[in-house]
Amino acid sequence: MANYLVILGGVLAILCLLYYYLTSNFNFWKDRGIPGPRPVPLFGNIRLLALRKLSMADFIRNMYDQYKHEPVFGIFSGSSPVLVVNDLEMIKDILIRDFSLFVDRGLSTYPKVEPLTEHLFNIDPERWRPLRIKSSPIFTSGKLKEMFPLVVECGQHLEDYLEKVVSKGEPVDCREIAAKFTTDVIGSCAFGISMKALSDEDSDFRRMGKELFVADTKEIMRIFCRQFFPGVYKVAGRILQKHHVGNFFTNMVMSTLKYREQNNIFRPDFINVLLELQRNPHNLENIELTEGLLTSQAFGFFIAGFETSSSTMSHSLYELALNTDMQDKLRNEIRENFAQHGDTLTYEQVKQMKYLDLVFRETLRKYPVLPILMRKGSTDYTFKGTNITVPKGTLIWIPVRGIHYNSHIYPKPEVFDTERFTEEAISARHPMSYIPFGDGPRNCIGTRFAFYQSRVGLISILRKYRVDVCEKTTAYEPDIRTFLFSPKNIILKLTKIE
């Protein structure tokens, strides 16, 4: 009996220590006078996120709605305190005015476990700066003009593909169509490779793209372990990786680099940027250009380029199917532009389509692909004009979706209203009230590319096809399996019009 009591006492002591370890930090925000919801052990305030019961987009909107009248509020991601900043002037300080103190996104990377995650979005500030400088030239307007015919060619392939799909007379998955198109564009413009995602139902690139965002049991375990047990993840995380996906991209990138170097091939794309980095590593301030680091940059471009733009295209088509007057107005603009300039779409033509711009911007207002922006302070920081001070290393979230749905900024935020983005309406709002691509020096490097890729895709569809809701169209649901604000599905009817 005594032995059982000793064992029971030992178990209770361990449980008490574990409870203390998991909750010892939970007074962090209370001690600083910052409001926030009550956390629970292990999960903090993200239990529904961790268990895949809620999307990040809905989570951050719900949190924001509870505390939107506060300049900031505090939550816990597991046991880590996170400051959510609502005040637009404070956001401007973080992203722009005091950017040098908030360069870090606060994302942990584990190169030995996840060799392809050291790309520009994730990477630490020391390596981010030189890599950003070297990568930026490929995204200038001049370079985009050079690549634009490649995007248009993919748009033509999309039109050919739609001919076959629509002829079957069945509803189509617009998310899948958009993903195939953006996969082809990224392949052509970034890697100089025809990915054949539209023409080939068994395209390796499209299959790999799908696998990256499919949250199967193994992926859920990986994310859970990474979030809540990082020490274990550093040691055992490799067994939870999709190695065949990483190997596919590594082999593709490295073989393309080798082929171009051996054959002295130049092409104005992202692979050429990597080739220049490889040839001139002395310009990177002692950064070790490993195979993993090089491939990570291309991998990051791929996942950011195809998923974000395909989701935006899908969301636009969904809203236009619901708002047929807007769809007709946009189609008229597209057709009038072609009637004036001829059948070959040009970079300048896309810039001239003002209503397309309004549709695109309102889509990203209502469906910001990144529902939050993340930063981490590099020093103790007191926000200007306040007594709010956070210590060095504090994680900061900027609730993009919450701000985009604030009814004081955007009346009737659930309504899709393109008039929100006329010049007069934009000038009347705070510049930080619309940040789908972030802002400041560490904003999305591919914003301009995403604009043109998505718009060419929409032009290619809407010029000759009408999109409508049908019996298989369901009420909108975000995909809870991914961090991004992506649709679960967008099933619409496409009809060819003359």
After noting the C-alpha distance and the side-chain angles of R365 and D417, does the key distance pass the salt bridge (Lys or Arg N to Asp or Glu O under 4.0 Å) rule? CA-CA 10 Å; R365 193 278 307 171; D417 182 4; over 6 Å; no
For the student: nearest non-hydrogen atoms of [X] and [Y], plus distance:
X: S79; Y: N25; answer: O-ND2, 3.3 Å
X: I461; Y: L158; answer: CG1-CD2, 3.8 Å
X: I497; Y: R335; answer: O-NH2, 3.4 Å
X: R463; Y: I334; answer: CB-CG2, 3.9 Å
X: V359; Y: S316; answer: CG1-OG, 4.4 Å
X: P81; Y: F28; answer: CB-CD2, 3.5 Å

Tell me, please, whether Y452 has R448 positioned over its six-membered ring: NZ or CZ under 6.0 Å from the ring centre and within 45 degrees of its axis? no
Quick check with a 6.0 Å cut-off and a 45 degree axis cone: is R105 positioned over the face of F121's six-membered ring? yes
Does K234 have any side chain to side chain contact (heavy atoms under 4.5 Å, CB included) partners at least two apart in sequence or in another chain, and if so, which? Y110
Are [X] and [Y] linked by a side-chain donor-acceptor pair shorter than 3.5 Å?
X: S309; Y: T182; value: no
X: S486; Y: E307; value: yes
X: E319; Y: Y367; value: yes

Do [X] and [Y] have side chains that get closer than 4.5 Å, going by heavy atoms?
X: F416; Y: L322; result: no
X: V185; Y: L150; result: no
X: V84; Y: Y67; result: no
X: Y465; Y: L162; result: yes
X: M374; Y: I396; result: no
X: P39; Y: I75; result: no
X: D124; Y: T109; result: no
X: N406; Y: P413; result: no

Ring pair (Phe, Tyr, Trp, His ring centres under 6.0 Å) between Y476 and H315, intermediate numbers included: CA-CA 10 Å; Y476 181 82; H315 287 140; 5.4 Å; yes
Check this for me: R132, atom CZ, are more than 12 non-hydrogen atoms of other residues, nucleotides or ligands nearer than 6.0 Å? yes
So with a 6.0 Å cut-off around CD of E423, is the heavy-atom count from everything else above 12? no
Kindly indicate, with the supporting measurements, whether the criterion salt bridge (Lys or Arg N to Asp or Glu O under 4.0 Å) is fulfilled by E114 and R222. CA-CA 11 Å; E114 308 167 326; R222 185 190 74 81; 2.7 Å; yes
Give me the ring orientation class for [X] and [Y]: parallel if the planes are under 30° apart, tilted from 30 to 60°, perpendicular past 60°.
X: H404; Y: Y434; result: parallel
X: F302; Y: F249; result: tilted
X: F148; Y: Y347; result: perpendicular
X: F383; Y: F102; result: parallel

Please step through side chain to side chain contact (heavy atoms under 4.5 Å, CB included) for the pair L373 and W397, ending with a clear verdict. CA-CA 6 Å; L373 303 177; W397 288 2; over 6 Å; no
Can any side-chain N or O of R175 pair as donor or acceptor with the backbone N or O of P487 at less than 3.5 Å? yes
From L458, N337, L462, residue fulfilling side chain to side chain contact (heavy atoms under 4.5 Å, CB included) relative to L356: L458
